[in-house]
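A short worksheet on the structure shown next.
Each chain gets a letter, A, B and so on, in the order its sequence line appears, and its residues count up from 1.
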There are 2 protein chains.
Amino acid sequence: MRDLISTIKIQVNEKIYVKDPETSTLGKKIIKESILLIDDIGFDDFTFKKLGVKIGSNESSIYRYFENKHKLLVYLSSWYWNWMEYKLFFATNNIEDSFDKLKKAIIIVTEKIEDDEATKHINESVLNKIIISEFTKTLHTKEVDEENKEGFFLIYKNVINRIVHLIIAVNPDYPFAKSLASNIIEGALHQHFLRDHLTTITNCNENISPTDFYINLITTVLKK
Amino acid sequence: MRDLISTIKIQVNEKIYVKDPETSTLGKKIIKESILLIDDIGFDDFTFKKLGVKIGSNESSIYRYFENKHKLLVYLSSWYWNWMEYKLFFATNNIEDSFDKLKKAIIIVTEKIEDDEATKHINESVLNKIIISEFTKTLHTKEVDEENKEGFFLIYKNVINRIVHLIIAVNPDYPFAKSLASNIIEGALHQHFLRDHLTTITNCNENISPTDFYINLITTVLKK
DNA sequence: GCAAATATAATAGCAATACTATCAAATACA
DNA sequence: TGTATTTGATAGTATTGCTATTATATTTGC
């Protein structure tokens, strides 16, 4: 799987960037270092000027790759969910039993991420931290409907739809497969966030993981 | 209940504001019109300058009530969750059966909000729309840990804890009461958001509500 | 009813943000 | 080697997110 991911190019909607950052060393540097800088100072305080200083490049050069920092975050998110979809595919591909398959998928989308060494310019572990704390901001804008029409969130929706199909395979009579799937994806990020910051309103800690919570949830909810 | 709410003053942590907006007409105007303006143009584009123009007041006058727009949003959120807690209390107070009580509570926190005419300077229906699209931004900042220590999110956590107690009353053996409660509160906002913007990844629409989804969820999850 | 206290408005100003434009220098590539 | 493309450097603009100061209302306490 590691080798497969390193050869398959992660596809991101072309409208998200001005120039594809995968096509140059500066572009890859922008991706790599923006992940570290956003993790470090937070997306709200992140600017292209600061990123320029960090990578020893000019602000205006970064604008040649991304219109603004919002689009960069949408790009990083798309990259993350695309990578997640590959992981899902390879991890569940050879499982026969539909419930085991769903279970494996839930583990993949809710677990804490370790760095995948196959992608040298992206640290998935740090990217996962960004997704936990910043992903919601890609959706919660006044432009969400336009951007949705442009296909900015297609990859994210693909991941959810993959889970939807697995849920239906387990229990075709369950009437809320889509809501359950979107709830688990969003909810897992939220439980990770609560574990890190608002510890009194989650059961998740060093011993109990969001994965435990959601595996228990689907087991009872989809029981026939 | 309507009368009770109009007499009980909604309490908000004093550290959130510079001067209590409930103590003056300008303060109340700031609250009332900021809700409408944030709903109109979105929190990201909202500025004190624009609000000043809208209420025919000076930017600097608004700064005497709130340090910045983030604090104003935290204030509006606190007000909302405090109001929600009153609603929860009065709606569940006289119910004996623990499951009916929980069910009623879930209806209250997940349903679409109509304006409560008892509070003249706050349109709860519009405030609910803001909470759906902007509440997550109060938490997802680099300052979340400090602000949590200062008690900025106490009222929000109170609402969740109230649900936690109701869950435990229904099934004391269920091991994820806190995660379930925080998932439902956050998840319901998210399902409302998806219904409005990303309709393909939710079952919620004009006929099926987030309430239906979560009532079904607790019914199966907490079954003994 | 008047003085004192307080609240609000008006204006100015400053540093940072979020860009755009232009031109020069470096690099790639044919 | 010449040309195209990419990057860097510099400058500039409108807006944001404030703070400070002073003037003018408005409230209140006696």
Nearest whole Å is fine: how far is [N] [atom2] from [X] [atom1]?
{"X": "B:F48", "N": "D:dT19", "atom1": "CZ", "atom2": "C1'", "answer": "14 Å"}
{"X": "B:F66", "N": "D:dT16", "atom1": "CZ", "atom2": "C1'", "answer": "20 Å"}
{"X": "B:D45", "N": "C:dC19", "atom1": "CG", "atom2": "P", "answer": "11 Å"}
{"X": "A:L51", "N": "C:dC19", "atom1": "CG", "atom2": "P", "answer": "14 Å"}
{"X": "A:K69", "N": "C:dT17", "atom1": "NZ", "atom2": "P", "answer": "9 Å"}
{"X": "A:I62", "N": "C:dT20", "atom1": "CD1", "atom2": "C1'", "answer": "15 Å"}
{"X": "A:N58", "N": "C:dA26", "atom1": "CG", "atom2": "P", "answer": "15 Å"}
{"X": "A:I30", "N": "D:dT7", "atom1": "CD1", "atom2": "C1'", "answer": "11 Å"}

Exercise for review: Tell me, yes or no, whether the heavy-atom count around B:K54 atom NZ, taken from other residues, nucleotides or ligands under 6.0 Å, exceeds 12.
Suggested key: yes

Review point. A:S57 side chain N/O closer than 4.0 Å to the phosphate oxygens (OP1, OP2) of D:dG8?
Key: yes

Point to revise | Pair B:S182-A:T202, side-chain donor/acceptor within less than 3.5 Å | key: no

Exercise for review: May I ask you to check whether A:H70 and A:E147 show a side-chain donor-acceptor distance below 3.5 Å?
Suggested key: yes

When all nucleic acid strands are considered with a 4.0 Å heavy-atom cut-off, which category describes [X]: base, sugar-phosphate, or nothing?
{"X": "A:T47", "answer": "sugar-phosphate"}
{"X": "A:Y65", "answer": "sugar-phosphate"}
{"X": "A:K50", "answer": "sugar-phosphate"}
{"X": "B:Y63", "answer": "base"}
{"X": "B:E67", "answer": "sugar-phosphate"}
{"X": "B:S60", "answer": "base"}

Point to revise | A:R64 side-chain proximity, nearest of C:dT8, D:dT16, D:dA9 | key: D:dA9

Review point. Which listed nucleotide (C:dA7, D:dC18, D:dA9) is nearest to the side chain of B:K19?
Key: C:dA7

**Study point:** 5' priority, DNA chain C, between A:K49 and B:S24 [closest heavy atom]
**Key:** B:S24

**Study point:** Residue whose nearest DNA chain C nucleotide is more 5′ - B:L26 or A:D44
**Key:** B:L26

Practice item. Kindly state whether the ring of A:F135 and the ring of A:Y156 have centres lying under 6.0 angstrom apart. Key: yes

Practice item. Report yes or no: does B:E33 contribute a side-chain atom to a donor-acceptor pair with the main-chain N or O of B:I55 at less than 3.5 Å? Key: no

